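Beneath this line is the structure, given in structure tokens, with notes to follow.
Just so you know, these numbers come straight off a predicted model, no measurement behind them. Residue numbers run from 1 in the order of the sequence given. Every heavy atom of this structure was used, including side-chain atoms; hydrogens, water molecules and symmetry mates were not.
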Amino acid sequence: QVQLVESGGGLVQAGGSLRLSCAASGGTFSRYAMGWFRQAPGKEREFVAVISWSGRRTDYTDSVKGRFTISRDNAKNTVYLQMHSLKPEDTAVYYCAARTVGVASTLTYEYDYWGQGTQVTVSS
């Protein structure tokens, strides 16, 4: 059973930065595609950024392109989301997810394991 634990969320002013981390255990992390998703109050969970098992392929939702960077360290079983120039509309619970197929996907239902989420709040 794969366990994912997110950390790094918090309260930040607009224009600020945060780095989220997701530590994985219990599986073969280096074979998994990983993703970051977010869910704001009253909205559906949405794709933010994904990365293939090797790290060579990444994809971002349009609203975060140029501001967020997803990366992974397979030696540490950890995936990161570096967020810059944060906006109030980035406020949400951010979830890390693992897909046992190594190809990255932007679809939430294609991910097999999920973390518990970490709150990101951006004040204006």
Between [X] and [Y], what is the shortest heavy-atom contact and its length?
X	Y	value
Tyr32	Ala98	CD1-CB, 4.2 Å
Gly102	Ala33	O-CB, 3.4 Å
Phe29	Asn74	CE2-OD1, 3.1 Å
Gln82	Ser17	NE2-CB, 4.2 Å
Gly117	Glu6	N-OE1, 2.9 Å

Legend entry - Glu46 atom CD: more than 12 heavy-atom contacts under 6.0 Å: yes

Inset, instruction - Flag yes if more than 12 heavy atoms outside Arg31 fall under 6.0 Å of its CZ atom; otherwise flag no. - result: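 At most 12 heavy atoms, drawn from other residues, nucleotides or ligands, come within 6.0 Å of this atom.
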
Could you tell me if the side chain of [Y] sits less than 4.5 Å from the side chain of [X], heavy atoms only?
X	Y	value
Tyr113	Gln1	yes
Arg67	Met83	no
Arg45	Tyr95	yes
Thr28	Trp53	no
Thr118	Leu20	yes

In this structure, would [X] and [Y] fall into the same cluster of hydrophobic residues linked by side-chain contacts under 4.5 Å?
X	Y	answer
Val2	Val79	yes
Leu4	Trp114	no
Leu18	Met34	yes
Val120	Val50	no

Inset, instruction - Could I get the full list of ring-ring contact (aromatic ring centres under 6.0 Å, His included) partners for Tyr80, not counting sequence neighbours? - result: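 None.
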
What's the spacing between [X] [atom1] and [Y] [atom2] if we round to 0.5 Å?
X	Y	atom1	atom2	value
Gln3	Asn77	CD	CG	12.5 Å
Arg72	Thr58	CZ	OG1	12.0 Å
Arg38	Gln119	CZ	CD	12.0 Å

Legend entry - Donor on one side chain, acceptor on other, Asp73 and Thr78, under 3.5 Å: no

Legend entry - Thr121 side-chain N/O to Thr91 backbone N/O, donor-acceptor pair under 3.5 Å: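 No: the side chain of Thr121 does not pair with the backbone of Thr91.
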
Inset, instruction - May I ask you to decide if Leu81's main-chain N or O and Arg19's side chain share a donor-acceptor pair within less than 3.5 Å? - result: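 Checked: no pair found.
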
Inset, instruction - Run the salt-bridge test on Asp90 and Lys87 with the 4.0 Å N-O cut-off and return the result as yes or no. - result: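 No salt bridge links Asp90 with Lys87.
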
Inset, instruction - For Ala40, check side chain to side chain contact (heavy atoms under 4.5 Å, CB included) against everything at least two apart and list the hits. - result: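 Once residues adjacent in sequence are excluded, the partners of Ala40 under the side chain to side chain contact (heavy atoms under 4.5 Å, CB included) criterion are Lys43, Ala92.
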
Legend entry - Set of residues satisfying side chain to side chain contact (heavy atoms under 4.5 Å, CB included) with respect to Ser105, sequence neighbours excluded: Arg99, Leu107, Glu110, Tyr111

Inset, instruction - Can you spot which of Thr106, Val48, Ile70 makes a side-chain contact (heavy atoms from CB on, under 4.5 Å) with Tyr60? - result: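 Testing each of Thr106, Val48, Ile70 against Tyr60, the sole residue satisfying side-chain contact (heavy atoms from CB on, under 4.5 Å) is Ile70.
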
Legend entry - Step-by-step side chain to side chain contact (heavy atoms under 4.5 Å, CB included) determination, Thr61 to Phe37: CA-CA 10 Å; Thr61 193; Phe37 297 79; over 6 Å; no

Inset, instruction - Could you tell me whether Trp36 and Phe47 have their ring centroids closer than 6.0 angstrom? - result: no

